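Heads up: the structure comes next, in structure tokens.
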Amino acid sequence: MRMNAGVGGGITPTTVPSAGRGTVAVYEAVWLASKEKMRTEVGRKALVLITDGDDQGSRTSPAKAVEAAQKSDSIIYVIL
């Protein structure tokens, strides 16, 4: 099964490295999305985070990820 097969090919095993350890670097992903993508967007912004809630290896703390989202004026919706 291919997700998003109409545009870009979707998620492949090399796109999301996990090695069976659960969510990899979730806090870092939130921080990066907030700093590099959401900050440049205009208007209402939301980041939808689908996770198992188990971060494995982020170099960014949860507090820094939340702070980056707040500075970019984004709302984060978490789906566990």
Side-chain angles (χ1 to χ4, degrees):
M1 178 176 149
R2 287 179 59 181
M3 297 182 69
N4 198 15
V7 180
I11 297 174
T12 64
T14 58
T15 306
V16 183
S18 68
R21 299 180 302 157
T23 305
V24 176
V26 69
Y27 304 130
E28 203 158 330
V30 169
W31 179 84
L32 189 61
S34 297
K35 295 281 265 186
E36 294 201 1
K37 180 64 179 160
M38 303 306 268
R39 192 174 271 184
T40 62
E41 297 294 320
V42 177
R44 297 176 66 181
K45 298 174 264 188
L47 209 161
V48 179
L49 180 64
I50 301 172
T51 178
D52 62 1
D54 187 23
D55 181 85
Q56 299 285 325
S58 277
R59 293 172 285 184
T60 303
S61 69
K64 287 192 186 243
V66 169
E67 180 183 353
Q70 288 173 336
K71 284 183 178 178
S72 69
D73 198 24
S74 299
I75 297 172
I76 300 175
Y77 294 97
V78 180
I79 300 172
L80 290 174

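Worth saying up front: this structure is predicted, and the values here are computed from it rather than measured.
Here the straight-line distance linking atom CG of L80 with atom CG of D52 works out to 8.5 Å at 0.5 Å rounding.
Annotation for W31: hydrophobic cluster partners, listed by chain and number, are L32 (ILVMFWY side-chain heavy atoms under 4.5 Å, direct or chained).
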Sequence neighbours left out, cut at 3.5 Å: what donor-acceptor pairs do the side chains of residues 40-50 make with other protein atoms?
from	atom 1	to	atom 2	distance (Å)
T40	OG1	K37	O	2.9
E41	OE2	K37	NZ	3.0
K45	NZ	M38	O	3.2
K45	NZ	E41	O	3.4
K45	NZ	S72	O	2.5

For residues 58-71, run the donor-acceptor check on the side chains, cut-off 3.5 Å, and write out each pair with its distance to 0.1 Å, sequence neighbours left out.
from	atom 1	to	atom 2	distance (Å)
S58	OG	V26	N	3.4
S58	OG	Y27	N	3.2
S58	OG	E28	N	3.2
S58	OG	D55	OD1	2.7
S58	OG	D55	OD2	3.4
R59	NH2	E28	OE2	2.8
S61	OG	K64	N	3.1
E67	OE2	K71	NZ	3.1

